[in-house]
Amino acid sequence: MNRYSFDELRARAVKADSTREDRLELEKWLSAYDMHSWNGEYYDIGGGLKLYPIYDGPDEDDLYTLVDCEIC
């Protein structure tokens, strides 16, 4: 993953048979390189699509863990 990986990561994540890892890799890229697409609820990934992080938690320390993402 590098600064120029967005198109490849997005293409894998939006496929009907994308994996959890595909979606999480796209979220990881967005959080590292494109925080201006984050509005506090979802990332705007273009083409009318949004990537919503899904968290599990809170745990005993009130921390949430990113477990998947939904694209719609």
Side-chain angles (χ1 to χ4, degrees):
M1 177 177 78
N2 63 48
R3 182 175 231 21
Y4 306 103
S5 301
F6 175 75
D7 291 334
E8 175 187 337
L9 294 171
R10 183 187 184 280
R12 285 197 321 237
V14 300
K15 291 187 331 187
D17 63 344
S18 70
T19 65
R20 174 181 167 268
E21 289 76 24
D22 293 334
R23 294 182 298 274
L24 290 174
E25 276 295 307
L26 180 57
E27 192 282 336
K28 182 178 176 182
W29 187 95
L30 290 162
S31 68
Y33 297 109
D34 192 18
M35 283 305 295
H36 76 274
S37 67
W38 175 251
N39 76 354
E41 182 180 359
Y42 61 82
Y43 293 96
D44 181 347
I45 61 171
L49 294 174
K50 299 171 177 87
L51 182 130
Y52 291 87
I54 300 170
Y55 296 95
D56 184 31
D59 64 11
E60 61 276 354
D61 297 320
D62 278 342
L63 299 175
Y64 292 81
T65 304
L66 179 65
V67 294
D68 202 346
C69 296
E70 180 180 10
I71 297 175
C72 46

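No path of Ile, Leu, Val, Met, Phe, Trp and Tyr side chains, each step under 4.5 Å between heavy atoms, connects Tyr43 with Leu24, placing them in separate hydrophobic clusters. If you chain together hydrophobic residues whose side chains sit under 4.5 Å apart, Leu9 and Tyr42 never meet in one group.
Although no hydrogens or angles enter the test, the distance criterion places a donor-acceptor pair under 3.5 Å between the side chain of Arg23 and the main chain of Ser18.
Taken to the nearest 0.5 Å, the CG atom of Asp56 stands 11.5 Å off from the CG atom of Leu63. We find the CZ-CG distance between Arg10 and Leu51 to be 10.0 Å, quoted to the nearest 0.5 Å. Residue Cys69 holds its SG atom at 11.0 Å from CG of Asp22, rounded to the nearest 0.5 Å.
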Derivation and outcome, side-chain contact (heavy atoms from CB on, under 4.5 Å), residues Asp44 and Asn39: CA-CA 8 Å; Asp44 181 347; Asn39 76 354; over 6 Å; no
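Side-chain contact between Phe6 and Leu26 is present, with at least one heavy-atom pair separated by less than 4.5 Å. Counting only heavy atoms from C-beta outward, the side chains of Ser31 and Trp38 never approach each other to under 4.5 Å. When side chains are defined from C-beta on, Ile45 counts as touching Leu30, because their heavy atoms get closer than 4.5 Å.
The nearest pair of heavy atoms linking Pro53 to Leu66 is CB-CD1, 3.6 Å. When all heavy atoms are compared, the tightest approach of Ser5 to Trp29 is N-NE1, 4.0 Å.
Under 4.0 Å is where a charged nitrogen must lie from a carboxylate oxygen, and between Arg12 and Glu8 at least one such pair does.
The aromatic rings of Tyr64 and Tyr55 stand perpendicular to each other, their planes meeting at an angle above 60°, with 30° marking the opposite boundary.
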